[in-house]
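Below is one structure, written out as structure tokens; the observations come after it.
In the text below, chain A, chain B and the rest are named by the order of the sequence lines, each starting its count at 1.
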Amino acid sequence: MHRAGLYRLLVLAALLATIEGLCRSGIVTPFTMPAPSIVVRDLGRILWTGSMAAAIAKTLHDVAIAVALSVVAGMVLGVAIHRLRGLRDALEPLFATYYAIPVYAFYPLFIVLFGLGSTPQVLIGFMLAMIAMVMNTLAGLDRVPRVLLRTARAYRLGPLETARRITLPCAAPFLVTGVKLAVSYAFIGVVGAEFIMSRDGLGYEINFAYNNFDNAIMYPLILLILLLSTGLNMALHTWERILLIRRGR
Amino acid sequence: MRNGVFLVVGMLLVWQALFMFAGAHALSPPIETAMFLGHLLGTAPFWGHLLETARAFSVALALSVVFGLGIGLPFGLNKMAAEVAEPLLVSAYAVPKIVLYPIVLLIFGIGLPAKIAFGAIHGVIPVAIFAMAGVRQVSPVLLRTARALRLSRTETLRRIVWPAALPEIFSGLRIGFSLTLIGTLLGEMFGSQKGLGYLLMNAIGLQNVPVIMAVTLLLVLFAATLSIVLLAMDRRLRRAS
């Protein structure tokens, strides 16, 4: 595992070095892409001067709201749907095809309905993230062993106690997977919607910089989004693995 | 089947209720939308856009499949390569790829190649992730059997690895299909003069609600129908294996 991690770093380093070389030698013109070292320097400057602080705060704020809403709604709906067999059967085709539907196609409607504020973007993030949470809640509840639930009944545990001592610990790894996916999808949804049409946020700033051929802002912000989304994803992935290992014991 | 009917009827009711609640400036009701879509399908310019999207999408899908399998299968066969590549691919999957669009445009310029590239960027990652996972999950017993029977490497790949990994590979293709479609459409929404994505973006600018609704309906119908067909095939493959 350690060796794989080392190789991974080497692969990334080689990739960066190649791009750096291509840019420095002039094969890739700075008009197309500035060298990675310059992009990093520009990102440092943007973060240091705080010129994008408002956009960063706005995007993270919207993503956080979308994640919070989708995790809560996803878990509540997941538990409810798990209880209602008929509803679950009826919704099964929706879950199966949900991610094939281009959700962004609904964005224009949301703008017409809610205006150009944050709401349509949060809603797109929420729509993408919520179903992942529902599906993972269902998967988690499905994996709670029947024996444990019967044991809980034998000990006359109340519903809250059963949830705290049995259902939640058993379903936890799936719930964390759900949260991880919800974070990714919320990020994709919010930034994508900002990019398509909005007045602020990181996606908007990237689109604005692109329209002005301002590579000194566009590339650092793209890098920032890559770092944010992969960083969050890796942190949650680590948490997920810890839970899985603990459960396996 | 019965569930599907319930679901469709339920969604139509929600749609109609939403129309009554929000009004005609926000969305058009189901029947009108369907009729307007029928009208659009009778006009020549609309077919021009449709064919443009179809062309971009089919090329992008072909590229996603070829490159996805080209990355996923060999990497899956090598344990170390798979361990190195998997977290990278999963991270790439979580990236909001739309922000890469300006880079794609700078490299390919405005037009068909940029759309195709953007669609393929979306589709190639899930195809590769699933193909890799499928090959890695082939049961060691099967591989030992192949060795015991002294099958050659090509023979092992053809008779053992490929059929054993096929259900997983197919799931990857199914997800790659829908993501490629989304990617192609997103690609058309910016810096493009043709295609359904362009039509959508144009209609947004003009606040042309009937066009937005009709194009959205067409896309949802297309995506959902094909996805249901692919899912049925996917399930059959999984049952068979």
Side-chain angles (χ1 to χ4, degrees), chain A residues 1 3-5 7-8 10-12 28 31-33 86 89-94 96-97 99-109 111-113 180-181 183-185 187-192 195-197 202-203 206-207 209-211 215 218-219 221-222 225-226 229-230 232-234 237, chain B residues 2-4 6-8 10-11 18 22 25-27 80-85 87-88 90-103 105-107 174-175 177-179 181-182 185-186 189-190 200-201 203-205 207 209 212-213 215-216 219-220 223-228 230-231:
Chain A
M1 188 57 223
R3 262 212 1 230
Y7 284 150
R8 203 173 302 134
L10 285 176
V11 168
L12 280 177
V28 175
F31 178 71
T32 305
M33 183 189 275
D89 289 341
L91 287 177
E92 205 62 57
L94 177 68
T97 55
Y99 283 106
I101 297 165
V103 172
Y104 291 115
F106 293 105
Y107 188 55
L109 293 179
I111 293 182
V112 178
L113 282 174
K180 185 181 80 172
L181 289 174
V183 171
S184 297
Y185 280 126
F187 217 88
I188 291 175
V190 168
V191 174
F195 189 93
I196 294 173
M197 198 176 272
L202 281 175
I206 290 173
N207 198 5
Y210 168 71
N211 286 325
N215 280 359
M218 186 181 90
Y219 274 94
L221 288 185
I222 292 176
I225 296 230
L226 295 183
S229 61
T230 48
L232 276 170
N233 190 262
M234 262 141 71
H237 181 71
Chain B
R2 204 179 48 130
N3 289 325
F6 273 134
L7 191 65
V8 170
M11 288 201 298
L18 215 60
H25 70 283
L27 68 171
M80 183 48 93
E83 256 179 52
V84 172
L88 293 178
V90 172
S91 300
Y93 186 67
V95 165
K97 277 166 279 300
I98 195 162
V99 299
L100 300 178
Y101 192 60
I103 305 183
L105 271 186
L106 284 176
I107 295 174
R174 183 165 65 80
I175 294 167
F177 162 84
S178 38
L179 281 178
L181 178 63
I182 293 174
L185 288 171
L186 284 176
M189 289 175 89
F190 314 96
L200 255 185
M201 202 62 183
I204 297 173
Q207 288 255 12
V209 175
I212 298 176
M213 294 293 290
V215 174
T216 308
L219 291 174
V220 169
T225 314
L226 268 174
S227 159
I228 287 170
L230 289 174
L231 190 73

(message) Heavy-atom cut-off 4.5 Å, strictly under: side chain, backbone, both or neither for A:Phe195 against chain B?
(response) both

(message) I want to check something: taking the side chain as every heavy atom from C-beta on, are B:Val99 and A:Leu221 in contact at a cut-off of under 4.5 Å?
(response) no

(request) Would you mind telling me which of B:Ile182, B:Leu219, B:Leu185 has the largest number of heavy-atom pairs within less than 4.5 Å of chain A? (result) B:Ile182

(request) Determine whether B:Ile98 and A:Ile196 make a side-chain contact, defined as any pair of heavy atoms from C-beta on separated by less than 4.5 Å. (result) yes

(request) Determine the option with the most heavy-atom pairs under 4.5 angstrom with chain B, choosing from A:Asp89, A:Leu113, A:Ile206. (result) A:Asp89

(message) To the closest 0.5 Å, what do you measure between CD1 (B:Ile212) and OH (A:Tyr107)?
(response) 12.5 Å

(request) Report yes if the side chains of A:Tyr219 and B:Ile103 come closer than 4.5 Å at any heavy-atom pair, otherwise no. (result) yes

(request) Calculate, to the nearest 0.5 Å, the distance between atoms OH and CG belonging to B:Tyr93 and A:Leu181 respectively. (result) 8.0 Å

(request) Compare every heavy atom of B:Pro96 with every heavy atom of A:Ile225, then report the nearest pair and how far apart it is. (result) CG2-CG, 3.7 Å

(message) What part of A:Asn215 gets within 4.5 angstrom of chain B, counting heavy atoms only: side chain, backbone, both, or neither?
(response) side chain

(request) Drop me the distance from A:Tyr104's OH to B:Leu186's CG, to the nearest 0.5 angstrom. (result) 6.0 Å

(message) Using side-chain heavy atoms (C-beta onward) and a distance below 4.5 Å, is A:Arg3 in contact with B:Glu83?
(response) no

(request) Using non-hydrogen atoms and a 4.5 Å limit, figure out which bit of B:Ile228 sits close to chain A: side chain, backbone, both or neither. (result) both

(request) With the side chain counted from C-beta on, respond yes when B:Pro87 and A:Met234 share a heavy-atom pair under 4.5 Å apart, and no when they do not. (result) no

(message) Quick check for you: among A:Ser184, A:Ser229, A:Ala90, which has the greatest number of heavy-atom pairs under 4.5 Å with chain B?
(response) A:Ala90

(message) Between B:Leu200, B:Leu231, B:Leu88, who has the most heavy-atom pairs with chain A when the cutoff is under 4.5 Å?
(response) B:Leu88

(message) I'd like to check A:Phe106 versus B:Val220 (side-chain heavy atoms, cut-off strictly below 4.5 Å). Are they in contact?
(response) yes

(message) For chain A, which candidate among B:Ala94, B:Ala223, B:Ala203 shows the most heavy-atom pairs at distances under 4.5 Å?
(response) B:Ala94

(message) Let me confirm one number: the OH-CD1 distance from B:Tyr101 to A:Ile222, rounded to the nearest 0.5 Å.
(response) 13.0 Å

